[in-house]
Structure formats: C-alpha cells, structure tokens
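Written below as structure tokens is the structure these notes are about.
This one's a predicted model, so the numbers in the text were calculated from it and none came from an experiment. Residue numbers start from 1 in every chain, and the chains themselves are labelled A, B, ... in the order their sequence lines are given, proteins ahead of strands.
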2 protein chains.
Amino acid sequence: MFSKACKYAIKALIYIASRSGDGSNISLRDIAAQIDSPEHFTAKIMQILSKQGIVSSIKGPNGGFYIERNAPAIPLFEVVRAIDGVHHLTGCGLGLKNCSEDQPCPIHREFSEVRNRLLQMLHQSTIQQLAGELTSGQTVLKQMAL
Amino acid sequence: MFSKACKYAIKALIYIASRSGDGSNISLRDIAAQIDSPEHFTAKIMQILSKQGIVSSIKGPNGGFYIERNAPAIPLFEVVRAIDGVHHLTGCGLGLKNCSEDQPCPIHREFSEVRNRLLQMLHQSTIQQLAGELTSGQTVLKQMAL
DNA sequence: GGAATAAAGGATATATTTATCTTTAATTAA
DNA sequence: TTAATTAAAGATAAATATATCCTTTATTCC
C-alpha cells in the first residue's frame with residue numbers, strides 16, 4: 001500500500017511528534033533506532049520531509065528534528081503525498097490513462113469506493129493524534145524480531 | 001495498490017474471459033495488444049497464472065489461452081494472490097513484524113478497516129462478472145494515449 | 001579558533017521490478 | 001516429415017526502490 005520509504009516517514013514523524021514540544025530535538029540515530037529503520041536511508045527521507053516543510057531540523061550538537069508543539073496537525077495524506085506522490089491515490093487502479101465515469105476500467109466503481117475510504121482515512125488521521133496514542137502506550141512503533 | 005504485473009494479469013484475464021467459451025484460444029499477441037502491455041512481460045505473467053491453474057493454455061497454431069465457460073468464477077483475490085502474494089493484503093500497514101490487536105502499530109485500526117474493505121471487494125468481484133461488463137461495453141481495457 | 005556533533009548533499013551499491021531477447025518444446029497443417 | 005505457429009523457459013537488460021558510504025555545511029562547546 002505504502003512504499004517502505006513512506007512507512008519509515010510515517011513512523012519517524014509519529015515518533016518525533018511524540019517527543020517534540022519540550023524543545024528537544026530528535027537525532028536521526030535516535031529515530032532510526034526507535035523505528036527500526038536503516039539510518040542513512042531514513043536520512044534521505046527526512047531530508048524530503050524537511051524540504052517540504054513537514055518537519056523542522058537543526059544542525060550541530062543537540063540538533064535534530066522536531067515538530068512545533070502548536071503546529072497545525074499533519075494529516076497522513078500530507079506525508080504520503082510528499083514521499084509516494086498522489087498518483088497511486090488518485091490514478092486508475094488498473095493503470096488506464098484516462099479512466100473515468102465516462103470510460104471506466106473494469107474495476108473503476110469497486111476500486112473507487114475502497115480508495116475513497118483510504119483517502120478519507122488519510123485525511124482524518126493526523127501525526128499528532130497518532131503520536132498521542134503512542135505516548136499513552138496504546139500503540140507501538142516496533143517489535144521484537146523473530 | 002497493485003503491481004504493474006498484477007494489473008496486467010487482471011486485465012489479461014478479463015479480456016480472455018470476455019472472449020472465451022466459444023472454444024477459441026486467445027494468443028499472447030492479441031492479449032498484449034488489447035490490454036496495451038509489453039508482450040514478453042505479459043508472457044511471464046501468463047506463465048504464472050497458467051502454472052497456478054488460473055488460466056489454461058494450448059501451444060501451436062490456433063493455440064493460446066482460455067478459460068472454460070463453466071469454470072468456477074475467479075475472484076480478483078485469487079489473481080492478486082498469485083501475482084503479488086498476500087503479504088501486502090494481510091501484513092501490517094507500517095511493516096511491523098507482529099502487529100496485532102495486542103501490540104498494534106499506530107495505524108492498525110484505521111488501516112484494518114480500509115483493508116477489510118479492499119479484501120471484501122477482491123473476494124466479491126470476479127473475472128467473469130467483470131468480463132461481462134466489458135463485453136456489454138460498460139467498461140474498457142485501454143484508452144487512447146495522450 | 002579548534003574539536004565535536006549532527007543534518008544536508010552527493011556518489012555509489014544492492015535488490016527488486018519491469019522489460020526485452022533468444023531458445024526450446026508442443027502442436028498444427030500441408 | 002517439414003514448415004509454421006504459439007506458449008514455455010532461460011538469459012539478459014533497464015528502470016526503480018532501497019540501502020550504504022563519504023564529504024560538506026552549520027552549530028555548539030571548549
């Protein structure tokens with residue numbers, strides 16, 4: 001559904017949000033350790049998120065990434081859009097160039113319904129809300145390896 | 001959502017089903033032309049579908065692929081399973097190894113709901129039903145290029 | 001100013017997916 | 001039996017996604 005890069009991005013942002021607000025910055029190393037991701041690859045993803053203004057960063061000692069406490073909530077949709085783009089969220093399920101009500105692909109109707117659900121979910125769920133559930137221990141970002 | 005290979009598979013099967021039943025076999029070249037796919041890549045996909053018993057084939061002149069007219073309906077789920085596997089339909093949305101109600105990832109609940117919808121859709125929609133809609137002109141398998 | 005820290009950026013490597021090319025095997029028809 | 005046709009199979013290439021490594025830039029602390 002989401003690329004690995006996008007999964008890392010979502011997890012990283014939730015972790016940062018769960019630790020941000022007290023003025024401390026979260027280092028890449030910390031992020032990668034907490035979400036169980038390859039550090040350098042995660043760095044690339046953070047750079048994209050940073051350029052897009054989804055996350056802020058500071059260089060140097062005690063530097064790292066952060067999200068302003070009173071920043072507007074970030075819908076998951078924004079993250080997916082930044083990393084995976086919107087095509088797979090809006091394009092034809094079977095890859096037709098101009099699939100529409102007018103000239104629908106064989107799964108147009110059925111697929112639209114499912115994907116509208118997904119879009120609705122991505123717009124409703126925010127990083128901050130999910131970070132809250134992480135902080136309260138209702139959810140986890142990684143698990144023991146087998 | 002689906003890999004390119006899977007999209008080709010779905011389109012190919014719908015086309016074959018829409019033309020099968022009168023005893024004629026559909027050649028690879030015909031399929032690739034009708035669904036606008038790379039012929040040799042499509043061949044690989046058809047080989048997988050053939051090995052899995054989802055489609056039948058005959059070599060030689062007048063040979064090709066076919067689906068028995070009175071064969072049991074093929075749910076889309078079977079096709080996706082054969083080509084993309086089930087992991088992305090059942091695994092954790094964020095890639096956790098043992099995501100569950102017990103130890104849920106941050107998007108577990110929201111994602112499960114969406115994906116159950118998708119699974120429901122994949123189980124309900126069948127190649128034969130979609131082929132019928134193609135035959136009756138309600139849907140199309142390809143469109144003019146830009 | 002110099003050393004240490006941490007993100008940014010660039011270059012490269014690996015893995016996977018997608019695509020193409022060539023050969024082989026099976027079948028048909030003449 | 002030979003030639004033609006078509007799927008199957010194997011090998012290779014190209015494109016993309018994932019991952020790693022090295023250098024540069026900004027900042028902090030001493």
- Message: Between A/F2 and A/L141, is there shared hydrophobic-cluster membership here, with clusters defined by ILVMFWY side-chain heavy atoms closer than 4.5 Å?
- Response: yes
Could you list the protein-to-nucleotides 1-7 of chain C atom pairs, N/O on both sides, closer than 3.5 Å?
from	atom 1	to	atom 2	distance (Å)
C/dT5	O2	A/P61	N	3.4
C/dA6	O4'	A/G60	O	3.1
C/dA7	OP1	A/L28	N	2.8
C/dA7	O3'	A/S57	OG	3.3

- Query: Nearest-Å distance, CE (A/M46) to C1' (C/dA8)?
  - Reply: 12 Å
- Task: For B/K7, answer base if it contacts any base atom (sugar-phosphate contacts may also be present), sugar-phosphate if it contacts only those atoms, and nothing otherwise; contact means non-hydrogen atoms under 4.0 Å.
- Result: nothing
- A/I45 CD1 to C/dA8 P: how many Å, rounded? 13 Å
- Item | No-hydrogen, no-angle side-chain donor-acceptor test under 3.5 Å, A/D102 and A/S100 | no
- Is A/I48 linked to A/I58 within one hydrophobic cluster, defined over Ile, Leu, Val, Met, Phe, Trp and Tyr using a side-chain heavy-atom separation of less than 4.5 Å? no
- Item | Value in whole Å for how far the C1' atom of C/dG10 lies from NZ of A/K51 | 11 Å
- Which heavy atom in B/I67 sits nearest to a heavy atom in B/V55, and how many Å separate them? CG1-CG2, 4.0 Å
- Note on the structure: Between B/Q128 and B/A73, the two heavy atoms sitting closest are OE1-CA, 3.3 Å
- What closest approach, in Å, do B/M121 and A/V114 show between heavy atoms, and which atom pair accounts for it? CB-CG2, 4.0 Å
- Between the CE atom in A/M1 and the NE2 atom in B/H88, the distance rounded to the nearest 0.5 Å is 8.5 Å
- Task: Verify whether one side chain among B/E101 and B/H108 offers a donor that lies under 3.5 Å from an acceptor in the other.
- Result: yes
Mind listing the N/O atom pairs, protein and nucleotides 16-19 of chain C, below 3.5 Å?
from	atom 1	to	atom 2	distance (Å)
C/dT18	OP1	B/K4	N	3.0
C/dA19	OP1	B/K4	NZ	3.2
C/dA19	OP2	B/Y8	OH	3.2

